[in-house]
Asker: 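This is the structure I have questions about; it appears just below.
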Amino acid sequence: MSIYDFTVVRADGSDVSLSEYEGKILLVVNTATGCGLTPQYTGLQSLYDKYKERGFEILDFPCNQFMNQSPGTDEEIGSFCTLNYGTTFPRFKKIEVNGANASPLYVWLKSQKSGKLGSEIKWNFAKFLVGANGEVIKRYAPTTKPEAIGKDIEKLTGGA
């Protein structure tokens, strides 16, 4: 099984098979608009701008499970991110990442790479780097700044 076997829902409500991203390097992130880590959107957008022409995509999954820090509708979240951080990478419908209602994608991601506290997502802005073959390469803590991931993306996209 790989990430390409999953179908997720775009923020506009339409389904998308992640097979559309086959052959690309992916950074999958659970995000929130009212979190102390929300300014990471700036770093995420910088990564996207730098590497998107080299086959890199960021998949943004808003999540309201951590102290209700992403309470808005999908449309409100999209507007907030575009207006405040100028984000242009794909954003999907709000999901849950832990518990009985966790997105099947996140159940799979967590089964591939555990964090320091086990498989559960600890907080907003946990990140999974997925290689062009659809396998999870690395999991990053919520506090890992996007800039620190650049060297790993560089290697995967054929950089130095």
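Please read these numbers as outputs of a predicted model, since none were measured by experiment.
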Asker: Kindly say whether S46 contributes a backbone atom to a donor-acceptor pair with the side chain of D49 at under 3.5 angstrom?
Answerer: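 No, the answer is negative, given that no donor and acceptor are paired below the 3.5 Å cut-off.
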
Asker: Under the side-chain hydrogen bond (donor to acceptor under 3.5 Å, both in side chains) test against Q69, which residue among T38, N124, T31 passes?
Answerer: N124

Asker: Tell me if a side-chain donor or acceptor on Y41 pairs with a main-chain N or O of N84 at a distance below 3.5 Å.
Answerer: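 Side chain of Y41 to backbone of N84: no pair is present.
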
Asker: Would you find a donor on one side and an acceptor on the other, under 3.5 Å apart, between the side chain of S14 and the backbone of R10?
Answerer: no

Asker: Considering only NZ, NE, NH1 and NH2 on the basic side and carboxylate oxygens on the acidic side, decide whether D74 and K94 come within less than 4.0 Å.
Answerer: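 No.
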
Asker: Before you tell me yes or no, could you show the steps for Y48 and E57 under side chain to side chain donor-acceptor pair (under 3.5 Å), namely the whole-Å CA-CA distance, both residues' side-chain angles and the distance that decides it to 0.1 Å?
Answerer: CA-CA 7 Å; Y48 188 61; E57 292 285 343; 3.3 Å; yes

Asker: Where do L26 and F56 come nearest, in terms of heavy atoms and distance?
Answerer: C-CE1, 4.4 Å

Asker: Could you state the interatomic distance from CD (E53) to OG1 (T157), rounded to the nearest 0.5 Å?
Answerer: 12.0 Å

Asker: Taking P146's backbone N and O only, do any of them form a donor-acceptor pair with Q40's side chain (distance below 3.5 Å, no angle check)?
Answerer: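 No; zero donor-acceptor contacts below 3.5 Å.
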
Asker: With rounding to the nearest 0.5 Å, note down the distance linking CG in L18 to CG in L105.
Answerer: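 Answer rounded to 0.5 Å: 6.0 Å.
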
Asker: Applying a strict under-4.5 Å side-chain criterion to I, L, V, M, F, W and Y, I'd like to know whether V9 and F6 cluster together.
Answerer: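 No, no single cluster joins them.
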
Asker: Tell me whether R139 contacts the main-chain N or O of L109 through its side chain, where contact means a donor paired with an acceptor under 3.5 Å.
Answerer: no

Asker: Which heavy-atom pair separates D5 from M1 by the least distance, and what is that distance?
Answerer: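 Looks like OD2-CA, 3.3 Å.
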
Asker: Which atom names give the shortest non-hydrogen contact between N64 and S70, and what distance separates them?
Answerer: OD1-N, 2.8 Å

Asker: May I ask you to decide if V97's main-chain N or O and Q65's side chain share a donor-acceptor pair within less than 3.5 Å?
Answerer: yes

Asker: Taking the inter-plane angle between the rings of F66 and W123 on a 0 to 90° scale, is it parallel (under 30°), tilted (30 to 60°) or perpendicular (over 60°)?
Answerer: tilted

Asker: Any Lys/Arg nitrogen of K113 or E135 sitting under 4.0 Å from an Asp/Glu carboxylate oxygen of the other?
Answerer: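 No, this pair does not count.
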
